[in-house]
Amino acid sequence: MSDIRVRFAPSPTGFLHIGGVRTALFNWLYARHYGGTFILRIEDTDQERSTDESIKAIIDGMEWCGMDWDEGPGRGGDFGPYRQTERLDIYREHVDKLLASGRAYKCYCSPEELEERRSAALAEGRPPKYDRRCLGRTDIPEGRTPVIRFKAEEEGKTVVNDLIKGTVTFDNSVMDDLIIMRSDGFPTYNFVVVIDDATMKVTHVLRGDDHLNNTPRQIQIYKALGYPVPEFGHLSMILGSDKARLSKRHGATSIMQYKEMGYLPEAMVNYLVRLGWSFGDQEIFSVKEMVDNFTLDSISTSAAIFNPEKLNWINHHWINQRPVEEIAELIVPMLEERGWITQRPDIAWLSKVVLAQREKSHTLVELVELSPYLFKEPVMDEKSVEKFLTDEIKPVLRQLIGLIEGIDDFTHGPLEAAFHQVMEASGLKMGKVAQPVRVALTGGTVSPGIYDVLEILGKDESLRRLKKAVG
RNA sequence: GGUCCCUUCGUCUAGCGGUCUAGGACGUCGGCCUCUCACGCCGUUAACAUGGGUUCGAGUCCCAUAGGGAUCACCA
């Protein structure tokens, strides 16, 4: 194992977001490619919004995608705990250290005062920066619990040598003294993320580029504490079709929603990896190919728009790649949900359904919804009945019924022979015979190949439907 | 508004100074195949944001402008 250590650190305030999955994926791939360690850490210092259900959603999503972590919830590790609410002592220790060294100080300004000064500054067009009035303050106001601020560098520049964006320079004068511990005793994000990454010995921080602006202040904290500064790599965001940050109004954003919509994890991961990463002209990647070829230098710097059509295409590809039996297993719950089956179906039989329908399906849900007539009485489409189940064709169908009744091996070969016999006798072309049969069996004009439909339905059911159609 | 990031077909992207009259993929459109619908196959469509430099030569380097995004909380 190399000494590369990366992490994915979501906050459990909702479901696992598509953007988060992509960030996790890049970290995971980086770790797996170089034989490093992948850490899952739960950032739950926001007590108000964090929930256990969300933690479960994150874990479920990660597992569904096949991203396993080496350290973190359920796995343990030498640098835990891996939930921030269980690390409060560690943060306190570091705050004290900063306080002692003079790199942090107590601030008694109330939120109201701060807000007042903030808006005043904004109104005058000045940057809203904390004026340090509590730095070195000796009078302690009664009845106020202070926050603790980090004393930022006043002069010079802080340089981020970003693995993806390149060298980014920030002027220290734009950074103010950020609050590292709130009055309720809970530390804040920009502080804990540093402590966690430092104490967990994270070597590479790969995260969304919405954090790029936070990086210089974090670097200052690393330095103030004497910790080595990790490498940073800031991934650009995933956008919706209107170039705005991906959100609910662009459709599904939760990874598990995609599972429910009938997407395969290998398809999601394949699609997501190509959003911002490329390997020549290759579009289709197995997990192994991704791991083998993943490097940071082929990550693009610009934001990418999430494109459902391409996802569909990739999902279609992977649906057709999986063993049919596995797809059959995956659609069982969907069939149950719809009440189309009441007991566990025969997987060998269900696999035939999958085989017949998967080519035209972008998702598992589509595959299922293409097939109601294979599970229950078909709904007869009036126009199709009128057009194809004519009086002229009925004698032909009766002949076919007669022939079919004599078939014991109800499979493609014998069925085809029966059709050809009927075609010869009637002088009709395949299309003229197949369409009426299709309508009789499925209620409509769209279905898999007619022999497949017959075979899936089976002899008894096929004959029943055909007889019903000829009256 | 300040700061930071980004800018090749509608979309994802290849391109790392000459091989680019810019390649692939999704999508679109057309065709072939065909028992329907699809799949598949073949073809089509369409882009270097703009303006200056640097260079013998720029999609590729630099600078402006424009546009987009992010961020400026006792959220993460």
Side-chain angles (χ1 to χ4, degrees), chain A residues 9-13 43-46 48-50 84 107 109-111 114-115 118 122-129 145-149 160 162 164-166 168-171 173-176 178-190 192-193 208-216 234 236-237 239 241 243-245 271 274-284 297-298 300-314 316 320 357-361 370 384 388 419 423 429-439 442 444-451 453:
Chain A
S11 58
T13 54
E43 307 220 326
D44 59 348
T45 48
D46 186 353
E48 299 276 302
R49 298 193 298 151
S50 296
Q84 292 183 327
C107 170
C109 298
S110 71
L114 258 16
E115 181 48 41
R118 237 182 73 85
L122 247 19
E124 288 169 44
R126 288 183 288 117
K129 194 174 157 180
T145 26
V147 300
I148 296 171
R149 288 182 183 272
V160 181
D162 196 89
I164 293 162
K165 304 279 188 183
V168 186
T169 305
F170 294 85
D171 216 84
S173 64
V174 303
M175 285 175 275
D176 66 350
L178 88 215
I179 292 169
I180 57 176
M181 187 164 285
R182 308 189 284 219
S183 50
D184 65 4
F186 275 87
T188 60
Y189 170 75
N190 278 108
V192 288
V193 73
D209 71 2
D210 47 339
H211 289 290
L212 185 52
N213 286 306
N214 287 148
T215 307
H234 287 92
S236 44
M237 316 252 72
L239 273 25
S241 51
K243 295 193 173 184
R245 201 178 177 142
Y271 176 67
R274 285 286 293 102
L275 241 38
W277 178 78
S278 60
F279 186 67
D281 283 341
Q282 192 170 338
E283 297 286 352
I284 299 296
D297 49 67
S298 35
S300 72
T301 50
S302 53
I305 293 173
F306 187 85
N307 184 295
E309 276 80 40
K310 189 155 183 180
L311 206 211
N312 281 341
W313 173 75
I314 290 183
H316 171 264
N320 285 279
Q357 300 281 216
R358 65 176 182 177
E359 281 183 349
K360 56 184 77 171
S361 309
L370 241 23
S384 304
F388 292 104
F419 268 71
M423 282 156 64
K429 287 232 170 38
M430 181 59 183
K432 294 290 179 195
V433 180
Q435 266 319 65
V437 173
R438 175 167 284 117
V439 173
T442 72
T445 54
V446 175
S447 86
I450 202 65
Y451 307 129
V453 175

Practice item. Take the protein atom CG of Asp281(A) and the nucleotide atom P of U13(B), then report the distance between them rounded to whole Å. Key: 14 Å
Check your understanding: What is the glycosidic conformation of C48(B): syn, defined as within 90° of 0, or anti?
Key -> anti
Study note, to complete from the structure: Looking only at A76(B), C26(B), C4(B), the nucleotide nearest the Phe170(A) side chain is C4(B)
Check your understanding: Considering Watson-Crick and G-U wobble pairs with both distances under 3.5 Å, what does G27(B) pair with?
Key -> U45(B)
Check your understanding: How close or far is atom P of C9(B) from atom NZ of Lys310(A), stated in whole angstroms?
Key -> 14 Å
Review point. What distance separates Asn190(A) CG from Asn213(A) CG, expressed to the nearest 0.5 Å?
Key: 10.5 Å
Revision key, fill the gap. Partner of C4(B) under the Watson-Crick or G-U wobble criteria, both distances under 3.5 Å, comes out as G69(B)
Review point. Across the strands shown, which category fits Arg49(A) at heavy-atom distances under 4.0 angstrom: base, sugar-phosphate, nothing?
Key: base
Check your understanding: When rounded to the nearest Å, what value does the distance between C1' atoms of G10(B) and G52(B) take?
Key -> 30 Å
Review point. So what does Phe419(A) hit on the nucleic acid, given a heavy-atom distance under 4.0 Å: a base, only sugar-phosphate, or nothing?
Key: nothing
Check your understanding: Side chain of Leu114(A): nearest nucleotide among C74(B), C35(B), A76(B)?
Key -> C74(B)
Exercise for review: Take atom NZ of Lys432(A) as the centre, draw a 6.0 Å sphere, and report whether it contains more than 12 heavy atoms from other residues, nucleotides or ligands.
Suggested key: no
Exercise for review: Please work out if Glu283(A) contacts a base, only the sugar-phosphate, or nothing of the nucleic acid, heavy-atom cut-off 4.0 Å.
Suggested key: base
Review point. Within a strict 4.5 Å, meaning less than it, do heavy atoms of the Leu311(A) and Phe306(A) side chains meet?
Key: yes
Exercise for review: Identify whether any heavy atom of Asn214(A) sits under 4.0 Å from a base atom; if not, whether one sits that close to sugar-phosphate; answer base, sugar-phosphate or nothing.
Suggested key: base
Check your understanding: So what does Gly276(A) hit on the nucleic acid, given a heavy-atom distance under 4.0 Å: a base, only sugar-phosphate, or nothing?
Key -> sugar-phosphate
Exercise for review: Between Ala304(A) and Cys107(A), name the one whose nearest nucleotide on RNA chain B is closer to the 5' end.
Suggested key: Ala304(A)
Practice item. Please report, rounded to the nearest Å, how far the P atom of C39(B) is from the CG atom of Leu370(A). Key: 11 Å
Exercise for review: For nucleotides A14(B) and C29(B), find the distance between their P atoms and express it as a whole number of Å.
Suggested key: 27 Å
Review point. In whole Å, what separates the P atom of A22(B) from that of C9(B)?
Key: 14 Å
**Study point:** Base of C37(B) paired with side chain of Ser447(A) (donor-acceptor, under 3.5 Å)
**Key:** no
Review point. With respect to the side chain of Leu212(A), which nucleotide from C4(B), U13(B), C75(B) is positioned closest?
Key: C4(B)
Exercise for review: Could you tell me whether Thr45(A) contacts a base, only the sugar-phosphate backbone, or nothing, with contacts defined as non-hydrogen atoms closer than 4.0 Å?
Suggested key: sugar-phosphate
Revision key, fill the gap. Rounded to whole Å, the OH-C1' distance (Tyr271(A) to A25(B)) equals 12 Å
Review point. Of all the nucleotides listed (U13(B), C5(B), U36(B)), which has the minimum atom distance to the side chain of Lys165(A)?
Key: C5(B)
Exercise for review: Step by step, work out the side chain to side chain contact (heavy atoms under 4.5 Å, CB included) result for Arg245(A) and Asp210(A).
Suggested key: CA-CA 11 Å; Arg245(A) 201 178 177 142; Asp210(A) 47 339; 3.0 Å; yes
Practice item. For Pro448(A), answer base if it contacts any base atom (sugar-phosphate contacts may also be present), sugar-phosphate if it contacts only those atoms, and nothing otherwise; contact means non-hydrogen atoms under 4.0 Å. Key: base
Review point. Checking all strands, does His316(A) fall into the base, sugar-phosphate, or nothing category for heavy-atom contacts under 4.0 angstrom?
Key: sugar-phosphate
Revision key, fill the gap. Rounded to whole Å, CZ of Phe279(A) lies from C1' of C12(B) at a distance of 17 Å
Review point. How is Gly431(A) classified with respect to the nucleic acid when contacts are heavy atoms under 4.0 Å: base, sugar-phosphate, or nothing?
Key: sugar-phosphate
Check your understanding: Between Gln357(A) and Leu370(A), what is the shortest heavy-atom contact and its length?
Key -> OE1-O, 3.4 Å
Point to revise | Base-pairing assignment for C9(B) (Watson-Crick or G-U wobble, both under 3.5 Å) | key: none
Check your understanding: Taking for each residue the nucleotide of RNA chain B with the nearest heavy atom, is it Arg438(A) or Ile164(A) whose nucleotide lies nearer the 5' end?
Key -> Ile164(A)
Practice item. Answer yes or no: does a side-chain N or O of Arg182(A) lie under 4.0 Å from OP1 or OP2 of A76(B)? Key: yes
**Study point:** Whole-angstrom distance between G59(B) and G18(B), as gauged at atom P
**Key:** 11 Å
Review point. Under 4.0 Å between a side-chain N or O of Arg245(A) and OP1 or OP2 of U71(B)?
Key: yes
Point to revise | Pair assignment for G51(B), Watson-Crick or G-U wobble, requiring both distances under 3.5 Å | key: C63(B)
Revision key, fill the gap. NE2 (His234(A)) and CD1 (Ile164(A)) are apart, to the nearest 0.5 Å, by 8.5 Å
Point to revise | Heavy-atom pair of closest approach, residues Thr45(A) and Phe186(A) | key: O-CD2, 3.9 Å
Practice item. Among the candidates A25(B), G10(B), C35(B), find the nucleotide nearest to the side-chain atoms of Met430(A). Key: C35(B)
Practice item. Supply the atom-to-atom distance His316(A) NE2 to Arg358(A) CZ, rounded to the nearest 0.5 angstrom. Key: 9.0 Å
Revision key, fill the gap. The reported gap from NZ in Lys243(A) to CD1 in Ile305(A) (rounded to nearest 0.5 angstrom) is 5.0 Å
Check your understanding: From the list A76(B), G27(B), C74(B), which nucleotide is the closest neighbour of the side chain of Glu43(A)?
Key -> A76(B)
Exercise for review: Scan every strand shown for a Watson-Crick or G-U wobble partner of C37(B), both distances under 3.5 Å, and answer none if you come up empty.
Suggested key: none
Check your understanding: If we call it a pair only when both distances are under 3.5 Å in a Watson-Crick or G-U wobble match, what pairs with C20(B)?
Key -> none
Practice item. Measure the distance from CZ on Phe388(A) to P on C35(B) and round it to the nearest whole Å. Key: 14 Å
Point to revise | Span that lies between the P atom of C41(B) and that of U28(B), in whole angstrom | key: 16 Å
Check your understanding: Quick one: is Thr188(A) getting a side-chain N or O under 4.0 Å of the C74(B) phosphate, OP1 or OP2?
Key -> no
**Study point:** Side chain of Lys243(A) (C-beta onward), nearest among A76(B), U11(B), C35(B)
**Key:** U11(B)
Practice item. Check the distance between C4(B)'s C1' and Asn213(A)'s CG and give it to me in whole angstrom. Key: 4 Å
Practice item. Under 4.0 Å between any heavy atoms, over every strand shown, what does Ser183(A) touch: base, sugar-phosphate, or nothing? Just pick one. Key: base
Practice item. Classify the nucleic acid contact of Asn190(A) as base, sugar-phosphate or nothing, counting any heavy atom under 4.0 Å across all strands shown. Key: base
Point to revise | C33(B) versus A49(B) - spacing of their C1' atoms, nearest Å | key: 43 Å
Exercise for review: Go through Ile180(A) and Leu178(A) one step at a time and tell me if the side chain to side chain contact (heavy atoms under 4.5 Å, CB included) criterion holds.
Suggested key: CA-CA 6 Å; Ile180(A) 57 176; Leu178(A) 88 215; 3.4 Å; yes
Review point. Just checking Ile450(A): base, sugar-phosphate only, or nothing, at a heavy-atom cut-off of under 4.0 Å?
Key: base
Review point. How is Ser236(A) classified with respect to the nucleic acid when contacts are heavy atoms under 4.0 Å: base, sugar-phosphate, or nothing?
Key: nothing
Exercise for review: Could you tell me whether Thr13(A) contacts a base, only the sugar-phosphate backbone, or nothing, with contacts defined as non-hydrogen atoms closer than 4.0 Å?
Suggested key: nothing
Review point. OP1 or OP2 of C5(B) less than 4.0 angstrom from a side-chain nitrogen or oxygen of Ser302(A), does that happen here?
Key: no
Practice item. Could you state the atom-to-atom distance from NZ of Lys360(A) to C1' of A38(B) in whole Å? Key: 5 Å
